[in-house]
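Remarks on the structure that follows.
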Amino acid sequence: MTIALAAVGAALATLVLTLLVQWIVRRGSDQDERLTEVVRELETRMDGMVRELTGAMEQSQIEGKRTRMLGELAGSIDLDEVLTRVLEAAGAVEGVDAALVTLTAQPGGQPIVATLGLSAEEAELQAVLGPPDGREARAISVSYEYGADQDGAEGEAIRSGVAVPLPGETAPLGLMTIFTRAPEQAFSEEEVKELEELALRAGPAIENARRFREARQLADLDALTGLHNRRFFHETLARECARAHRYERNLALIIFDLDDFKAINDRIGHLSGDGVLAEAAERIREVVRSADIACRVGGDEFAVILPESTLSDADQLYGRLRSALSSRPVGQAGPLTMSAGVAELQPDDDAIAFFQRADHALYGAKEAGKGQVVAASLLQPQAPPNVPPNIASVPPPEEPPNFQAG
């Protein structure tokens, strides 16, 4: 529509100028001064009209893009994608150089932060807080004044910003903030209203996507121990194996179980046994690294995937796990011992072969007397008892060097 108006305006302006030239020729030179003045006035008006039409067209394009982005918000339930679209829509507001969405932490979780036009260091420092008395502010304006020693990089520092709450079903989800790096820029009431309109559209989309993520995370967790479950373990192991092969990175795996846990269950009962498993899982979480992926793969059997790690790293983790479980009583079971198999990813391993090698090493540790760790690299290719014939492994040597428990 705007393009059509611009075309009509240009055509009318051309027609007016053509008629004016013809009229000048017919009238003669005695009216030159007056005609020149009329021409200038028409040119001025025509320039103004073209500018208005151009501005309207640009504004229409901006609004069309924003409308598309707003319409796309409800088209995804992936939280990262929804936050990206929200930030793009916020970044389209006049004068915005950066945008930030901060979602408040759920119980036991961490705040979620998404940024546009900000470095990780800047995003960490741009926290916007609400009123100190706890009221819900409609909008929060912030401005930053810098000393002479901090103001050398003209146009690069954040100068001011405005934040609005992201409405949720029962309480605000967090804040959406826009920033400018222009020294004289200040966001107007019109731009604040535009941001509020965006927040009203974004809030439900973010809440739905966040609920979906939380539901998916719960589906990946073992209900008893809170560790990742068997399905998540195998999916993640396949992904980590592919990544390690692609980028030629190290990857290690430890699989372990609690020695004689069936006897423990028979002695204290299955309900108390479940308590032992839950407490053991808590101690596992305490000693694994933040990058490690701890899982319960079934019964009293656990596994930890160790990205960027070697066989030696897995052996060190075994030592920490053994100490955590045996240094003090675990529930009603008393101190526990554990047997483990460890493996390091080999060039010809896929996820299944990698898992089988570590699992067979665990069989080896059991056969060697329990309470110890065996490395898959120490095993000879031979099928052990009670293992399907297509799986190759044997019990370890009587004294596997460097991997016997002390």
Residues that Phe354 engages under ring pair (Phe, Tyr, Trp, His ring centres under 6.0 Å), provided they are two or more places apart = none

Rounding to 0.5 Å, atoms CG (Asp359) and CD1 (Ile255) come to a distance of 5.0 Å

Does Glu282 come within less than 4.0 Å of Arg285, counting only side-chain N to carboxylate O?
-> yes

Lys/Arg-Asp/Glu bridge criterion (N-O < 4.0 Å) met for Arg159, Glu145 | no

What class does the angle between the rings of Tyr363 and His360 fall in, given that below 30° is parallel, 30 to 60° is tilted and above 60° is perpendicular?
-> tilted

Do Arg243 and Glu240 meet the salt-bridge criterion of a basic N to acidic O distance under 4.0 Å?
-> yes

Starting at NZ of Lys262, measure out to CD1 of Ile264 and round the result to the nearest 0.5 Å.
-> 12.0 Å

In this structure, OG of Ser309 is separated from CG of Asp315 (nearest 0.5 Å) by 12.5 Å

Less than 3.5 Å apart, which donor and acceptor atoms pair up between the side chains of residues 165-180 and the rest of the protein, not counting sequence neighbours?
residue	atom	partner	partner atom	Å
Glu169	OE1	Arg211	NH1	3.4
Glu169	OE1	Arg211	NH2	2.9
Thr180	OG1	Gly95	O	3.4
Thr180	OG1	Asp97	OD2	3.3
Thr180	OG1	Ala182	N	3.1

Say you draw a straight line from CG of Leu87 to CZ of Arg85; how long is it, rounded to the nearest 0.5 Å?
-> 12.5 Å

Only one of Leu277, Asp257, Asp222 passes side-chain contact (heavy atoms from CB on, under 4.5 Å) with Phe302, and that residue is Leu277

Check Lys366 against Asp259 and note the closest heavy-atom contact, atom names and distance.
-> NZ-OD1, 2.9 Å

